[in-house]
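Just the heavy atoms: all of them, side chains too, but no hydrogens, waters or symmetry mates, feed the values below. Here is the naming used below: chain letters follow the sequence lines, and residue numbers restart at 1 for every chain. Only a predicted model underlies this, so the values are computations on that prediction, with no experimental measurement involved.
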Amino acid sequence: MANEKTLVSARAAPNHSVGPVAWLRGNLFNGPISSVFTLLAIWALIAGLTPVFEWAFINADWLGETREACDSGGACWVFINARFEQFIYGFYPDELHWRVNLTFALLAGLLAWLAIPRLPAKRWAAVLTLIVFPVVAFVLLHGGIFGLQLVPTYKWGGLMLTLVLAVVGIVGALPIGIMLALGRRSKMPIIKSVCVIFIEFWRGVPLITVLFMASVMLPLFVPTEVNLDKLVRALIGITLFQSAYIAEVVRGGLQAIPRGQSEAAAALGLGYWKRTGLIVLPQALKMMIPGIVNTFIALFKDTSLVLIIGLFDLLAIVQASLADPDWLGYAIEGYVFAALVFWIFCFSMSRYSQHLERKLHTGH
Amino acid sequence: MSTQQAKLDDGAPMIEMRGVNKWYGDFHVLRDIDFTVKKGERIVICGPSGSGKSTLIRCINHLEEHQQGEIVVGGTPLTQDIKRIEQIRRRVGMVFQHFNLFPHLTVLENCSLALVWVQKRPRREAEATAMKYLERVRIADQAKKYPGQLSGGQQQRVAIARSLCMHPEVMLFDEPTSALDPEMIKEVLDVMIELAEEGMTMLCVTHEMGFAKTVADRVIFMDQGQIIEENAPEPFFNNPQSERTQLFLSQILGH
Ligand SMILES: Nc1ncnc2c1ncn2[C@@H]1O[C@H](COP(=O)(O)OP(=O)(O)OP(=O)(O)O)[C@@H](O)[C@H]1O
Ligand SMILES: [Mg+2]
């Protein structure tokens, strides 16, 4: 050990050491022009961010109940505080918030089970998440049976509604998307063309149009006695829209599996569905997860469009409370809060997806 | 267990091809293929690259579809009917050039999968059967590993065991050693020779002429989608009739 140390220190110092000073010199100050630009950029950053920082933190008001508490001239976070429950739960009755909390705690637990590699029995976790959880979640959120008080969907809102839209969208779209992708690869011309037309139709239409159609046109197709809930209509529209995107992600995953896999399974006597379910999809799914997470991020942000058909997701409810005469003039605080919540969710998912991609690249 | 499989006598035809033709678009890959493999026979198919050897044996279990002619496997004519195709596939084992093991399953699961899902055996029984065949190909100690952790020769032996688990009446081999490093070829050929000695009906596409001389009852030479020559190994190698066979043999034996 001691020998090695003397050997190392006896060497000439390398030119490219990697200390912070060397890094600065190498990347930011390597020449007069570079140095000038670096200084300019630093000045611009400070000049631009200082007022924002002062507004958001130094001159901001955090505590209080009413707008009278906001007198420092900075951001009025009191507004967010006062309306926080509504932003999260919409008009869901206060005393029943535990049902929402429990639902999303269950979801978080299941997702953690699925995402943490060390935990066993992933198959059961997937079954619970995709089949059992939706039923439990519906019973908990909607109520009306097992002695749970009924909470009609028009009372749902805020972050809770945003999550419901996004999660139902993805969970519903996954099986449909897988079917569409398999259909698109089918050798049967009718099945193939139906799937291609379906996918290309939904991918060519903006979500906002889909939502309009879902709220205006869908009722025309169902008998008048069936009064389709507005939320259900939006969910159907979002799910079908999303399934077209999932289908393309799945198709990419399926294409990455060599043909020999399916042939070897066929040669053993496994039929189409067993080949697909046991051999092709499990391998493809692994590769599809980053793509699915990315589609999910896009959907999560797009759910805010439901405000145009009168559903109060997080953004819509923030916007609605801006019109409250008690809190006029605090639009920036509201939008910053909504943006921050969206950003936290999307950023964590995006990091997770990048982490998965890196893991896939290095081979499991 | 197997009710539909009438046990065939030695010498009864296991595979019959009559006037089989196949095209890829305009390209005529198989031309008037006529031949019969009797039960217990070991047949080697050789021929230049692109001559249609793979296509020929892949038609037998309908991985490729032929357009003309008749293929009968163990008395069952091959038709479009998917049930019948699957029935035939259960009786025919196949080993591929690139092994095609399932990378997401362990060696043991690779072998027991079809027993569980096709033959509906209980998992324990299926695994016991799988272990039996893994022992036969001398790889039982690797049963818990994934295919990616094995050498090419080991993978190919697992692939052979995976096929054998289904108790096939005939085994098809498509160049089973040509993706292997030279030092691994022998371990795979040894397994195949043992199989031949136990009386398995075999149809092998291979350029291992030593193997052909040791175990084959007949050697078939194909070129441009046709069977050019068909003979017992001794006359085939020592006294080839057609010019193309002579040329081919001089090329592969010359090196
Ligand atoms: N799916 C396909 N579509 C079109 N042509 C094909 C297809 N598969 C094979 N072919 C062509 O058919 C011919 C026969 O192919 P095949 O794989 O049967 O040859 P082979 O004798 O097994 O050759 P090799 O020794 O290289 O494996 C080749 O010319 C090949 O290019
Ligand atoms: Mg070939």
- Message: Take a 6.0 Å sphere around NZ of B/K144 and say whether it holds more than 12 heavy atoms from other residues, nucleotides or ligands.
- Response: no
- Message: Show me the pairs that pass salt bridge (charged side-chain N to carboxylate O under 4.0 Å, His left out) and involve residues 104-116 of chain A, at least two apart or across chains.
- Response: none
- What part of B/L113 lies closer than 4.5 angstrom to a heavy atom of chain A: side chain, backbone, both or neither? side chain
- Message: Is it the case that over 12 heavy atoms from other parts of the model lie below 6.0 angstrom from the NZ atom of A/K274?
- Response: yes
- If you count the non-hydrogen atoms of other residues, nucleotides and ligands that lie under 6.0 Å from CH2 in A/W124, is the total more than 12? no
- Could you tell me which residues in residues 260-270 of chain A have at least one non-hydrogen atom under 4.5 Å from a non-hydrogen atom of chain B, sorted by residue number? A/G260, A/Q261, A/E263, A/A264, A/A265, A/A266, A/A267, A/L268, A/G269, A/L270
- Item | Proximity breakdown for B/F102 and chain A, heavy-atom pairs closer than 4.5 Å | both
- chain A heavy atoms under 4.5 Å from B/R162: which part of the residue, side chain, backbone, both or neither? both
- Within residues 104-114 of chain A, which positions have a heavy-atom distance to chain B below 4.5 Å? none
- What pairs with A/Q354 under side chain to side chain donor-acceptor pair (under 3.5 Å), at least two apart in sequence or on another chain? none
- Task: Please indicate whether B/W117 has more than 12 foreign heavy atoms, meaning atoms of other residues, nucleotides or ligands, lying under 6.0 Å from its CH2.
- Result: no
- Item | Considering all heavy atoms, the nearest A/G271-B/E86 contact | CA-OE2, 3.2 Å
